[in-house]
Amino acid sequence: MPVIEITSQLNCPLPTPVRFPMPPGFVATGALQLRAQGASQVLPVQRDGDDLVAILPSTKANEKRRYVLEKASAAPAGGVKLKEEGAHGLAIVMPDGLFTVYNLNPEGARPYFHPVVGPGGTPVTRNFPMKDLAEEKNAKDQDHPHHRSFWTAFDEVSGTDNWSELPRHGFTKHKEFAGRAEGPVFGGFTADATWTSKEGKPLLDERRTIRVYNVGPNLRLLDYDVQLKASYQDIEYGDTKEGGILAFRVFHTMKEKEGGNLYNSNGEVGEKEVWGKKAAWLDYVGPIQGKTYGIAMMDHPGNLNHPCRWHARNYGLVGTNPFSNASFEKGAPETIFKQPKGETLRFRYRVYIHRHDTKTADVDDVYHAWIQAPKATIL
């Protein structure tokens with residue numbers, strides 16, 4: 001059986017995914033596991049394309065651990081599962097219950113995730129306009145109806161508004177699921193879509209890949225990968241604040257106006273300090289039913305114009321914006337990003353939904369454990 005040596009680069013007290021290539025000649029059929037040499041620890045392993053993925057419970061800097069990769073006698077109970085939800089939805093279900101539903105209403109402007117359920121079964125995103133709840137009846141909680149919980153969109157895509165739902169807005173039209181995954185380590189999907197003008201003229205193709213990790217009931221951890229290909233023409237992305245390649249609208253009691261707050265990787269706090277600023281991550285933290293929750297969004301160093309700017313508002317919106325400058329920073333030159341026909345832009349993000357405040361939840365440790373992930377070597 002192959003021996004895998006995993007070297008942790010950093011300290012991280014929370015579960016951390018580790019990815020490594022399939023060992024040459026190893027036949028990966030059935031349930032797999034990593035069994036620690038000289039210890040009783042066993043980690044479930046799941047295949048993801050040509051790679052294998054496991055979850056380390058925690059890491060210590062420069063620690064080396066050796067595991068034997070072997071077939072498990074039986075698949076572990078639980079895991080992350082997918083379930084059809086009505087005619088146009090795909091649910092991602094954790095061992096302790098629903099995490100989210102990917103909504104694909106063909107009459108809608110674009111796909112979105114709702115609800116988004118955090119640790120302890122607590123919804124952490126706004127329900128309007130998907131649900132008309134009594135606690136969100138006032139105007140300050142029913143603004144911006146295009147802010148649909150958790151989504152991807154951008155204004156000014158070669159002259160098309162694919163951000164709002166105002167007259168003449170564009171669309172993101174789901175085409176098909178190119179892949180689905182469920183198992184003991186992660187679950188998710190790859191979905192193909194086309195961004196179009198109001199009239200249905202195709203502008204670019206999108207491939208969106210979601211990986212939600214089985215890291216236990218006390219947190220949620222997911223990887224969000226968006227590829228935008230200029231399949232039909234050259235594309236120009238305008239300099240506008242109205243965008244979120246990854247965007248959330250937090251639960252109404254979490255917003256800064258209701259006692260929540262915004263924290264970024266620079267140590268800046270609140271909308272006045274974080275809005276439009278470049279930062280590696282941003283955490284929106286606030287109260288829900290007397291407890292503190294947060295949605296931390298992390299920008300990968302390989303992304304265009306990393307660290308991105310953040311469209312982060314005290315009324316509950318937060319989105320990543322890799323394209324714009326002048327719209328955020330007074331006096332900055334306007335930037336029009338040009339993508340030649342045939343080229344693909346790739347954006348990778350990690351989302352960490354947690355209890356407690358930013359420091360207690362170790363958001364910075366989770367970020368660095370992602371970008372400096374444990375390294376696996378086949379011995």
Exercise for review: Using ring pair (Phe, Tyr, Trp, His ring centres under 6.0 Å) as the criterion, list what pairs up with W195, not counting sequence neighbours.
Suggested key: none
Quick one: sort the [X] and [Y] rings into parallel, tilted or perpendicular, breaks at 30° and 60°.
X	Y	value
H311	W163	tilted
Y349	F347	parallel
F337	Y237	tilted

Give the table of side-chain donor-acceptor pairs shorter than 3.5 Å for residues 365-379, with sequence neighbours excluded, one pair per line with atom names and distance.
unit_1: Y367; atom_1: OH; unit_2: D299; atom_2: O; d: 3.4
unit_1: H368; atom_1: ND1; unit_2: D364; atom_2: O; d: 3.0
unit_1: H368; atom_1: ND1; unit_2: D364; atom_2: OD2; d: 3.4

With distance as the sole test, does [X] use its side chain to make a donor-acceptor pair with the main-chain N or O of [Y] at under 3.5 Å?
X	Y	value
T100	P115	yes
S265	A280	yes
R126	F128	yes
D161	D155	no
E165	H169	no
Q233	S158	no
R313	E256	no
D283	A296	yes
N214	P184	yes
K277	W310	no

Of all heavy-atom pairs between [X] and [Y], which one has the smallest distance, and what is that distance?
X	Y	value
G170	T160	CA-CG2, 3.6 Å
G294	M254	CA-CE, 4.1 Å
K173	T196	CG-CG2, 4.5 Å

Review point. Step by step, would you call F154 with N321 a side-chain contact (heavy atoms from CB on, under 4.5 Å)?
Key: CA-CA 9 Å; F154 196 80; N321 191 321; 3.8 Å; yes
Exercise for review: Check step by step if ring-ring contact (aromatic ring centres under 6.0 Å, His included) holds for F248 and Y284.
Suggested key: CA-CA 10 Å; F248 276 87; Y284 212 130; over 10 Å; no
Tell me, do [X] and [Y] make a side-chain contact under 4.5 Å, heavy atoms counted?
X	Y	value
L222	R220	no
E329	K278	no
I353	Y293	no

Are [X] and [Y] within salt-bridge range, i.e. N to O under 4.0 Å?
X	Y	result
D192	K229	no
D223	R350	yes
E84	R180	yes
D225	R211	no

Review point. What about the rings of Y102 and F189, do their centers lie closer together than 6.0 Å?
Key: yes
Side-chain donor-acceptor pair under 3.5 Å between [X] and [Y], yes or no?
X	Y	answer
N325	T335	yes
Y224	R208	yes
S324	T240	no

Review point. Can you check side-chain contact (heavy atoms from CB on, under 4.5 Å) on K175 and D205, steps first, answer last?
Key: CA-CA 10 Å; K175 293 195 295 187; D205 286 327; 3.8 Å; yes
Study note, to complete from the structure: Besides I336, the hydrophobic cluster formed by Ile, Leu, Val, Met, Phe, Trp and Tyr side chains linked at under 4.5 Å, directly or via other members, contains none
Review point. Using links of under 4.5 Å between side-chain heavy atoms of ILVMFWY residues, direct or through other members, which residues join F328 in one cluster?
Key: W275
Revision key, fill the gap. Value for CG (L204) from CD (Q227), rounded to nearest 0.5 Å, stands at 12.5 Å
Revision key, fill the gap. CD1 of I4 to CZ of R35, rounded to nearest 0.5 Å, is 12.5 Å
**Study point:** Verdict with reasoning, L32 to K71, per side-chain contact (heavy atoms from CB on, under 4.5 Å)
**Key:** CA-CA 4 Å; L32 301 174; K71 294 183 180 181; 4.0 Å; yes
Practice item. List in chain and number order the residues that pass side chain to side chain contact (heavy atoms under 4.5 Å, CB included) with N103, two or more places apart in sequence or in another chain; answer none if no residue qualifies. Key: V101, Y112, H114
Exercise for review: Show the numbers, then the answer: is there a side-chain contact (heavy atoms from CB on, under 4.5 Å) between M1 and L69?
Suggested key: CA-CA 6 Å; M1 294 289 101; L69 175 63; 6.0 Å; no
Should the heavy atoms of other residues, nucleotides or ligands under 6.0 Å from [atom1] of [X] be counted, would the total exceed 12?
X	atom1	value
K201	NZ	no
R207	CZ	no
E199	CD	yes

Exercise for review: For E182, check salt bridge (Lys or Arg N to Asp or Glu O under 4.0 Å) against everything at least two apart and list the hits.
Suggested key: none
**Study point:** Partner of E63 under salt bridge (charged side-chain N to carboxylate O under 4.0 Å, His left out), chosen from K60, R65, R66
**Key:** R65
Point to revise | Path from F186 to M94 over hydrophobic side-chain contacts below 4.5 Å | key: no
